[in-house]
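Structure first, commentary second.
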Amino acid sequence: MDQSKIDALRARPVAAFDHLIDGRHVAASDGGRMEIISPIDGTVLTTVAAGTPADMEAAIASARAAFDDGRWAGQPPAARKKVLLKWADLIEVNALELAVLGVRDNGTEISMALKAEPLSAAATIRYYAEALDKIYGEIAPTPGNILGMIYKEPVGVVGAIIPWNFPLMIGAWKLGPALAVGNSVVLKPAETASLSLMRMADLALEAGLPPGVLNAVTGKGHVVGETLGLSMDVDVLVFTGSGMTGRRLMEYSARSNLKRVYLELGGKSPNIVFADAPDLDEAAKVTAAGIFRNAGQVCVAGSRLLVEDAIHDDFVAAVVKVSEAMRVGDPLRIDTQIGAVNSEAQLQANLAFVDTATREGGRVVMGGSRVLQDTGGYYMAPTIVTGVTRDATLAQKEVFGPVLGVTSFATEEEAISLANSTVFGLAGAAWTSNLSRAHHMVKSVRTGVMHINTYGGADGTVPLGGVGQSGNGSDKSLHAIEKYVNLKTAWIKL
Ligand code: ADP
């Protein structure tokens, strides 16, 4: 990465963004616009169209027409593959530009964003492009006078509501499989992270995706997101975001056409460190990165550190030491390890969690406050709170910020019981040299992904999905495709 290239890109003014509907850029039907504030310094970066319900209806109608006339679903798999591969190439060619635009919008440190955003999105699109002509139907084991066939058909119109922490990566997790199997998609980016995703959508058209197959509408969740959720013409809704919005989407489905709803929600993921961990220094380093990168705004963040009594004080000291060395600040500097918090509101919510934790008996051993306020941006010191009890707010509620709660345990059974004591089940980790214990932890911790002797970094070959109130359905891997197809049976009497 080259700092001077990044600086040149950040100096560019950002043009205003309109919706992408039916292959054209269109303004909101009432002309409304929304200011985009950069979390780096609190200044207005640009504006986007403030979508109206009518805008969203137009996008859905365009997607429906594109699906029904087969301009994409009807193309031979090899042709769809070619377009998606080209799109992945274009994302890669424009990776730095996309990453810098995204960082100016959402505040993720560039050292993480370049890889985690455009480069990850390109890899995901490529993965599903390569997979799409390797998906077969089935012939059922029927009696000889019957032919039972099982087709995998695209569902039709997919609504995808995307969060602000990793818009390109998570956007691609939905777009890749949905488009690969022939669906049309209506995208709804998050209010505070629309820009890079809108730009990535443009690149799809440049790659040859027919107009109308991918439409994108910016605006407020409770306006255009609600219209998408309540639409009678959307077949599947996929979402990553908060539990509260996830619940709403299920209600929208129930109140409209019973569309399938797949949710990837939050977590309160336990990172469990046993005294027999193979390398406690490595564990401390990865623990700090696992909660503090992207200022903790990561759904799988290891936000609960569970440490065995015998090593508690030493291990916490080691995590504090590593965390103190992490540079918080301007996310467009390549040596920054913890960028900006996404918005003022999010920062205030994070600080309120620290207050509550203190009131409930926790001890702030590091951080706890806002920093770099003179920049005009939204920054928070990495924060570590010890003495967090099983039922404390900090042990039970997702912060989605750079706040690590620490709880000690005496036995493996206690660690498992603490790990499973929330309504969530997204990610987790155990650090141990004992092979049997490692497998026992994988089996016993109720979660979508369990890491052993590492945290994070799982690539696109494995699914990511939550259990409990962390959601349903999976992103990534071939399993994600199941969300975007219907199984159709042909029962043929010979
Ligand atoms: P957060 O609280 O972290 O911003 P949200 O779940 O509110 O997370 O946001 C994730 C996505 O959901 C965003 O794209 C947002 O616009 C969208 N959203 C928010 N509220 C609604 C809603 N009522 N209906 C549909 N989408 C919504």
Side-chain angles (χ1 to χ4, degrees), residues 17 19 34 36-37 39 48-53 55-57 59-60 102 105-108 158-171 173-175 185-198 200-201 215-231 234 236-256 259 261-268 294-301 303 340-350 352-353 378 397-403 424 426 466 469-471 475:
F17 278 74
H19 306 311
M34 227 164 63
I36 300 298
I37 310 285
V48 299
T52 62
D55 299 338
M56 184 50 90
E57 296 290 2
I60 296 167
D105 196 4
N106 85 338
T108 303
V158 172
I161 302 180
I162 309 299
W164 46 259
N165 57 339
F166 293 104
L168 301 187
M169 175 172 80
I170 295 172
W173 286 350
K174 322 286 191 203
L175 288 167
V185 178
V186 179
L187 257 189
K188 157 55 188 102
E191 290 86 329
T192 54
S194 306
L195 308 182
S196 56
L197 195 53
M198 294 304 282
M200 188 167 96
N215 298 298
V217 175
T218 50
K220 296 279 181 200
H222 64 269
V223 180
V224 286
E226 181 172 291
T227 307
L228 188 62
L230 284 170
S231 171
V234 170
V236 163
L237 195 58
V238 288
F239 170 75
T240 298
S242 66
M244 211 171 66
T245 302
R247 276 171 205 278
R248 286 214 177 94
L249 300 185
M250 291 197 127
E251 284 174 20
Y252 296 156
S253 166
R255 281 164 51 197
S256 55
K259 58 181 71 63
V261 179
Y262 296 103
L263 307 171
E264 202 266 82
L265 309 172
K268 194 77 216 182
N294 199 19
Q297 300 164 134
V298 178
C299 55
V300 296
S303 54
V341 173
N342 182 251
S343 64
E344 178 69 33
Q346 186 66 36
L347 177 57
Q348 293 306 329
N350 295 346
F353 269 107
Y378 319 130
K397 301 271 186 230
E398 184 179 47
V399 178
F400 219 64
V403 183
F424 298 111
L426 190 56
Q469 291 184 31
S470 287
D475 284 319

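One-based numbering along the sequence shown. Computed from heavy atoms alone, side chains included, the values below leave out hydrogens, waters and symmetry copies. Counting starts at 1 for both ligands and their atoms, following the listed order. Treat the numbers as computed from the prediction; the structure is a model and nothing was measured.
- For the residues P167, S242, A190, S194, the heavy atom positioned nearest atom 8 (O) of ligand 1 is part of S242.
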Review point. Where do L175 and M200 land on the side chain to side chain contact (heavy atoms under 4.5 Å, CB included) test, with the steps shown first?
Key: CA-CA 11 Å; L175 288 167; M200 188 167 96; 4.2 Å; yes
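- Residue P163 has no nitrogen or oxygen atom sitting less than 3.5 Å from a nitrogen or oxygen atom of ligand 1, judged on distance alone.
- The nearest heavy-atom contact from the protein to atom 7 (O) of ligand 1 is T245 OG1, 3.3 Å.
- The heavy-atom pair separating A50 from D55 by the smallest distance is O-OD2, 4.2 Å.
- Contact atoms of ligand 1 toward G225: 24 (N), 25 (C), 26 (N) (distance under 4.0 Å to a heavy atom of the residue).
- Residue T192 holds its OG1 atom at 3.5 Å from CG of N342, rounded to the nearest 0.5 Å.
- For I162, a nitrogen or oxygen atom sits less than 3.5 Å from a nitrogen or oxygen atom of ligand 1, counting backbone and side chain alike.
- The shortest N/O to N/O separation between Q346 and ligand 1 does not fall below 3.5 Å.
- The nearest protein atom to atom 15 (C) of ligand 1, hydrogens excluded, is given as E191 OE1, 3.4 Å; this is a heavy-atom distance.
- With E57 as the partner, the side chain to side chain contact (heavy atoms under 4.5 Å, CB included) test is satisfied by one option alone out of T52, T227, V224: T227.
- With a 4.0 Å cut-off on non-hydrogen atoms, L228 does not touch ligand 1 at all.
- Within ligand 1, counting atoms from 1 as listed, the ones closer than 4.0 Å to a heavy atom of P189 are 14 (O).
- Interface of K188 with ligand 1, defined as ligand atoms under 4.0 Å from a residue heavy atom, comprises 14 (O), 15 (C), 16 (O).
- Under a 3.5 Å cut-off, the side chain of K268 and the backbone N or O of K397 do form a donor-acceptor pair.
- The shortest N or O to N or O distance between K220 and ligand 1 is not under 3.5 Å.
- Checked by atom type and distance alone, the side chain of S470 never pairs as donor or acceptor with a backbone atom of L265 at under 3.5 Å.
- G267 and E398 make their closest contact through N-OE2, 3.1 Å (heavy atoms, listed as atom of the first residue, atom of the second, distance).
- A side-chain donor-acceptor contact under 3.5 Å links N106 to the backbone of W164.
- The nearest heavy-atom contact from the protein to atom 23 (N) of ligand 1 is Y252 OH, 2.9 Å.
- Atom numbering of ligand 1 starts at 1 in the shown order; those under 4.0 Å from a heavy atom of W164 are 1 (P), 3 (O), 4 (O).
- D105 contributes a side-chain N or O that, together with a main-chain N or O of S194, makes up a donor-acceptor pair within less than 3.5 Å.
- When atom types are taken as modelled, the side chain of K188 and the backbone of G219 share a donor-acceptor pair closer than 3.5 angstrom.
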Exercise for review: Go through the steps to decide whether T240 and W173 satisfy the test side chain to side chain contact (heavy atoms under 4.5 Å, CB included), and finish with yes or no.
Suggested key: CA-CA 10 Å; T240 298; W173 286 350; 5.6 Å; no
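- Proximity of F400 to ligand 1 is not established, as no heavy-atom distance is less than 4.0 Å.
- Residue L249 has at least one heavy-atom neighbour below 4.0 Å for each of these atoms of ligand 1: 25 (C).
- Closest heavy-atom approach to atom 11 (C) of ligand 1 within the set T227, I161, N165, L187: this belongs to I161.
- Residue contact check for ligand 1: V224 places no non-hydrogen atom closer than 4.0 Å to it.
- Nearest protein heavy-atom contact of atom 22 (C) of ligand 1 is G221 O, 3.3 Å.
- Set against the non-hydrogen atoms of F239, the atoms of ligand 1 under 4.0 Å away are 6 (O), 10 (C), 11 (C), 12 (O).
- Listed here is the closest heavy atom pair of C299 and L426: O-CD2, 3.3 Å.
- Using a 4.0 Å cut-off to heavy atoms of R248, the atoms of ligand 1 that qualify are 23 (N).
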